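As structure tokens, the structure follows; a few thoughts come after it.
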Protein chains: 2
Amino acid sequence: MTDIAMIEAAAGRLDGYARRTPLLSSPFLDDIAGRPVHVKAECLQHTGSFKFRGGWNAVSALRPAGVLAYSSGNHAQGVALAAQRHGIPAVIVMPADAPAIKIANTRALGAEVVTYDRASTDRDALGAEIAAQRGLTLIKPFDMAEVIAGQGTVGLEIAAQAAEAGITGPAEVLVPCGGGGLTSGIALALEARAPGMRVRPVEPEGFDDVARSLAAGERLRNERLSGSICDAIITPVTGDLTWPLLKRLCGPGLVVREDEALRAMALAHDRLKIVLEPGGAVALAAALFRPGEGPVIAVASGGNVDRAMMARALSA
Amino acid sequence: MTDIAMIEAAAGRLDGYARRTPLLSSPFLDDIAGRPVHVKAECLQHTGSFKFRGGWNAVSALRPAGVLAYSSGNHAQGVALAAQRHGIPAVIVMPADAPAIKIANTRALGAEVVTYDRASTDRDALGAEIAAQRGLTLIKPFDMAEVIAGQGTVGLEIAAQAAEAGITGPAEVLVPCGGGGLTSGIALALEARAPGMRVRPVEPEGFDDVARSLAAGERLRNERLSGSICDAIITPVTGDLTWPLLKRLCGPGLVVREDEALRAMALAHDRLKIVLEPGGAVALAAALFRPGEGPVIAVASGGNVDRAMMARALSA
């Protein structure tokens, strides 16, 4: 079970290898929100998302001979780079119809990409077979103590940077939420280091299993798993490790529309000079377009957006 | 005359008010350049460019009752925010045909904008009259010791961050160059703190007065002053303070085409998740598309680009 000591240990392992990403702000965004807005620009992390933190911590803590991950996106790149920089092999299992650029990027980071046919292949069985044959350790995208601890280092930085920015007293911390690894890690860190802060998961409309789960007090699933531009944060359900943490520490959840995520991307471009993907922009969208009191800190969790999607956000 | 002691003093004044912008990198950019590329992301500075540093230092050092600046761009916003945060009035003199968004942005930062007709009005006479009437101090865009010292704090940070990144020995530092305030300030700082580094100004094709001046050993002028997408770094000629520093410490100059600046913007979007304006991207373009040996540090000096221009870069 992840705790603050594990997050502190992760911070030690990440020191000098992960970036301490900046906490950005703009008076123009404050005006839109009607309150002070601070943005934790995790899109500036290595590989363009917070996922590098969890990947690095898992590899560094477990010292596996090699790693395997299932992912077509940010987790794949985070694990691939972490493995490459530790000098161990990484196998990433991706659907054969994943975008060519994502496959190419993951290979360029030194990973071996194994593709499978979504319709005919059992991904888990294929992965288990490869892992057993080659002696690889599976790095899960969120439901794994070392991964949650790595993502939790974002929370340690938020606590320190908020104090540096003069934020004292209550504040809301909004976090894009898929399986809950980042959200629960941040919540654990802030429980210990900035207990006045309230962590609220943010999801896209139609994929709001966490908001509904927190409201119901029991773990619910998403009905759909595709059809969102916020693909980076779409997961079927929270994890066995993340759900109890989310339930104990977070909420209520917030939900934003896709057009709001696109507007947040355009405003981040104009006012902060950072590039966000739709899923990485939902917390900023909630900070800008939902009412609230006092300072708000929005985690901008990733920036791996293709040029066409960014052009769409800028022309909206 | 600006010296390292003035830059150190500027760093003290800026501490806690300007951002220490990150030094970013990506293995994908290293592959393109064929050598390690590091990017000093000054687009993440307050107001979206390094100009805030010089503006802040001048206001903080001179303690004027109020300030006046001529600018339709980054210098205007930098001076306006510096004045606002010092609680003093700022008047910005802008051409009446400046883009409405730039006038609105400058006003939103608390400045009074006085517009003039380019064809019929002597800008300098108008500015001198307003300054005399209201007791305002002119903050020049580059040829002013306190402004150069403020921009030079970028060089202090580069020296420290390069050491943290393990860059030892010779390296090239490429800087987008207009009037030479940023370039000469960085060169002064590195002369004292990292003397193995060579500072090279970068300009757009057709507006390469600094490259030609350095080659000729005498100060030359640009023939044209408009018609470049790199408008932020187009100036008639270097200054009486900046030129001797450029001549003593910098060169040879580098020149890039507009299509290369646009490609650098797109690659900064894809790989670093930062937003650059064309003039702010010329040093990165030179780092990526001009041959060279050893590590190279490119200053990304500004990100104040409108959405249409970014969409153009992304579709190129």
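Values reported hereafter were calculated over all heavy atoms of this structure, with side chains retained and with hydrogens, waters and symmetry mates removed. Below, read A as the first sequence line, B as the second, and so on, with proteins coming before strands; counting in each chain starts at 1. In this text, all values refer to a predicted model and were calculated from it rather than measured experimentally.
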Leu272(A) and Leu44(B) have their tightest heavy-atom pair at O-CD2, 3.5 Å

Nearest heavy atoms of Ala311(B) and Leu314(A), plus distance in Å =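 Minimum heavy-atom separation between Ala311(B) and Leu314(A): N-CD1, 4.3 Å.
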
Measuring heavy-atom distances to chain B, does Ala266(A) have an atom under 4.5 Å in its side chain, in its backbone, in both, or in neither?
->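 Both parts, backbone and side chain.
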
Anything under 3.5 Å between chain A and chain B that's a donor-acceptor pair? List each one with its distance, please.
| residue | atom | partner | partner atom | Å |
| --- | --- | --- | --- | --- |
| Arg19(A) | NH2 | Ser25(B) | O | 2.9 |
| Ser25(A) | O | Arg19(B) | NH2 | 2.9 |
| Asn105(A) | OD1 | Arg271(B) | NH1 | 3.2 |
| Asn105(A) | OD1 | Arg271(B) | NH2 | 3.2 |
| Asp270(A) | OD1 | Arg307(B) | NE | 3.2 |
| Asp270(A) | OD2 | Arg307(B) | NE | 3.0 |
| Asp270(A) | OD2 | Arg307(B) | NH2 | 2.6 |
| Arg271(A) | NH1 | Asn105(B) | OD1 | 3.2 |
| Arg271(A) | NH2 | Asn105(B) | OD1 | 3.2 |
| Lys273(A) | O | Val275(B) | N | 3.0 |
| Lys273(A) | NZ | Gly303(B) | O | 3.3 |
| Lys273(A) | NZ | Asn304(B) | OD1 | 2.9 |
| Val275(A) | N | Lys273(B) | O | 3.0 |
| Gly303(A) | O | Lys273(B) | NZ | 3.2 |
| Asn304(A) | OD1 | Lys273(B) | NZ | 2.9 |
| Arg307(A) | NE | Asp270(B) | OD1 | 3.2 |
| Arg307(A) | NE | Asp270(B) | OD2 | 3.0 |
| Arg307(A) | NH2 | Asp270(B) | OD2 | 2.6 |

With Ala171(A), which residues qualify under side-chain contact (heavy atoms from CB on, under 4.5 Å), at least two apart?
-> Ile167(A), Met197(A), Pro295(A)

Could I get the full list of side-chain contact (heavy atoms from CB on, under 4.5 Å) partners for Ala287(A), not counting sequence neighbours?
->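 Ala287(A) satisfies side-chain contact (heavy atoms from CB on, under 4.5 Å) with Val37(A), Leu174(A), Val296(A), Ala298(A) once adjacent residues are dropped.
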
Kindly indicate whether the side chain of Val275(A), heavy atoms from C-beta on, has any atom under 4.5 Å from the side chain of Val275(B).
->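 Yes, side chains in contact.
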
